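The shown structure was predicted, so the numbers you read here are calculated from the model rather than taken from an experiment. Reminder, nothing fancy here: chain letters follow the sequence lines and each chain counts from 1.
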Amino acid sequence: MFQMHGMENLDLMGDPSGSMTTLTPMSETPITSSHHQLHGSYHSMNHMMSHHHHGGPLSGHTPGSHHSAMAAAVAAASLHPDQDTDPRELEAFAERFKQRRIKLGVTQADVGKALANLKLPGVGALSQSTICRFESLTLSHNNMIALKPILQAWLEEAEAQAKNKRRDPDAPSVLPHGEKKRKRTSIAAPEKRSLEAYFAVQPRPSGEKIAAIAEKLDLKKNVVRVWFCNQRQKQKRMKFAAQH
DNA sequence: ATGCATGAGAG
DNA sequence: TCTCATGCATA
């Protein structure tokens, strides 16, 4: 149970040129998102709607002069860096968040949608995936820090309204019909094991190595490239980060 | 809950 | 090309 699949005699591991590539210590300002999109009609809408995160509105300054409710959140985030960037604090908050969210009878998807209603500058809706990942700490440290004040703002708002026993029967979504759906490639277990073996010795293979691996495993080069990218991202997620 | 994918931004 | 934030699709 340890088959080194397609690693036979392919010199994919040797790296004479010492291509250690970058070791970026996160020099940018990856704060949060700004995108609104509900359901995917990924047909012709796929390259125009998508997302548009990064360098988001929360990246350091408030465009224009529109601080309001978020000013508090932003202030909190910058006035107590220690507390807000502390992995344990994040972990504690994530747990509290989830518990209170459930107490309110709100789903992860609901929270994501509700964020858009908070009208915080540059803060739109988020997906169920992201809320789930926040709660389970499976986001990067920076991402957790960026999302915390936003989710905290939502939580406070939601609990305030819960007291007033507010209820809003929102209209169920009407899924746009018959649009092409994105298909998810599934990498078979044997191939995945090989990829993991390669990754263990070379997490950042060059384009040529990727091509070689792809051919060996009979996978699209892009699939292999993306697999490595996602694998690297995984390594950086809080859960496995040796920070706590 | 998580696998594979997209796209903006930065080299 | 890579990273990073994020999401659709699916198990």
Side-chain angles (χ1 to χ4, degrees), chain A residues 17 19-60 94 98 101-102 107-109 111-113 115-116 122-151 173 175-176 179-189 191-193 195-196 199 202-211 214 217 219-241:
Chain A
S17 54
S19 59
M20 280 272 55
T21 5
T22 57
L23 252 174
T24 105
M26 295 181 176
S27 46
E28 322 143 70
T29 324
I31 305 301
T32 332
S33 63
S34 78
H35 58 278
H36 312 255
Q37 46 81 55
L38 302 179
H39 6 256
S41 325
Y42 140 99
H43 193 116
S44 57
M45 210 164 125
N46 65 329
H47 68 293
M48 65 145 281
M49 78 158 206
S50 41
H51 10 247
H52 157 197
H53 353 70
H54 234 98
L58 295 174
S59 302
K98 180 168 189 175
R101 186 206 100 218
I102 292 174
T107 67
Q108 295 171 332
V111 174
K113 293 287 192 182
L115 292 181
V123 179
L126 285 179
S127 67
Q128 172 264 327
S129 301
T130 300
I131 303 305
C132 174
R133 284 169 172 151
F134 179 86
E135 293 182 345
S136 59
L137 304 172
T138 46
L139 289 175
S140 70
H141 187 202
N142 278 359
N143 204 174
M144 288 295 293
I145 291 172
L147 259 31
K148 186 191 172 193
I150 294 168
L151 294 182
S173 54
L175 294 173
E179 290 286 352
K180 226 173 254 178
K181 290 186 178 180
R182 183 166 80 189
K183 189 53 187 176
R184 213 179 80 186
T185 316
S186 187
I187 301 174
E191 285 68 36
K192 211 169 292 189
R193 278 181 242 118
L195 289 172
E196 281 159 6
F199 188 83
Q202 180 51 255
R204 313 196 52 185
S206 67
E208 300 213 313
K209 284 177 182 173
I210 289 176
L217 303 180
L219 291 171
K220 293 299 183 59
K221 182 184 175 184
N222 205 53
V223 168
V224 175
R225 183 183 60 72
V226 170
W227 187 87
F228 274 91
C229 285
N230 284 324
Q231 212 58 30
R232 277 177 235 125
Q233 268 199 296
K234 264 193 180 180
Q235 282 195 316
K236 297 184 177 181
R237 288 174 179 174
M238 280 202 78
K239 270 208 167 175
F240 311 110

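Applying the salt bridge (Lys or Arg N to Asp or Glu O under 4.0 Å) test to every pair with at least one member in residues 132-145 of chain A, sequence neighbours left out, gives these pairs: A:R101-A:E135.
Closest to the A:R204 side chain, of the nucleotides C:dC2, B:dA1, B:dC4, is C:dC2. Each of C:dT10, C:dT6, B:dC4 was ranked by its minimum atom distance to the side chain of A:W227; first place goes to B:dC4. When the nucleotides C:dC2, B:dG3, B:dA5 are ranked by their closest atom to the side chain of A:V223, B:dA5 comes out on top. Counting only heavy atoms from C-beta on, A:K98 has its side chain closest to B:dA1 among C:dC8, B:dA1, B:dC4.
The residue A:E135 sits apart from the nucleic acid: no heavy atom pair falls under 4.0 Å.
Here OG1 of A:T138 is found 10.5 Å from CE of A:M238. Values are rounded to the nearest 0.5 Å.
Taking only side-chain nitrogens and oxygens, A:S186 never comes nearer than 4.0 Å to OP1 or OP2 of B:dG3. Note on A:T185: a side-chain N or O is less than 4.0 Å away from OP1 or OP2 of B:dA5. For A:Q233 and C:dC2, the shortest distance from a side-chain N or O to OP1 or OP2 is not below 4.0 Å. Between A:N222 and B:dA5 there is no side-chain N or O to OP1 or OP2 distance below 4.0 Å. For B:dT2, the OP1/OP2 oxygens have no side-chain nitrogen or oxygen of A:K234 closer than 4.0 Å. Note on A:R184: every side-chain N or O is 4.0 Å or more away from OP1 and OP2 of B:dT2. Applying the 4.0 Å criterion to OP1 and OP2 of C:dT3, one finds that A:K236 has every side-chain N and O outside that range.
Taking for each of A:S129 and A:R232 the nucleotide of DNA chain C with the nearest heavy atom, the 5'-most of the two is the partner of A:R232. Of the residues near DNA chain C, A:R225 and A:L139, the one whose nearest nucleotide (by heavy atom distance) lies more toward the 5' end is A:R225.
A:K148 pairs by the salt bridge (charged side-chain N to carboxylate O under 4.0 Å, His left out) definition with A:D84, A:E89, not counting sequence neighbours.
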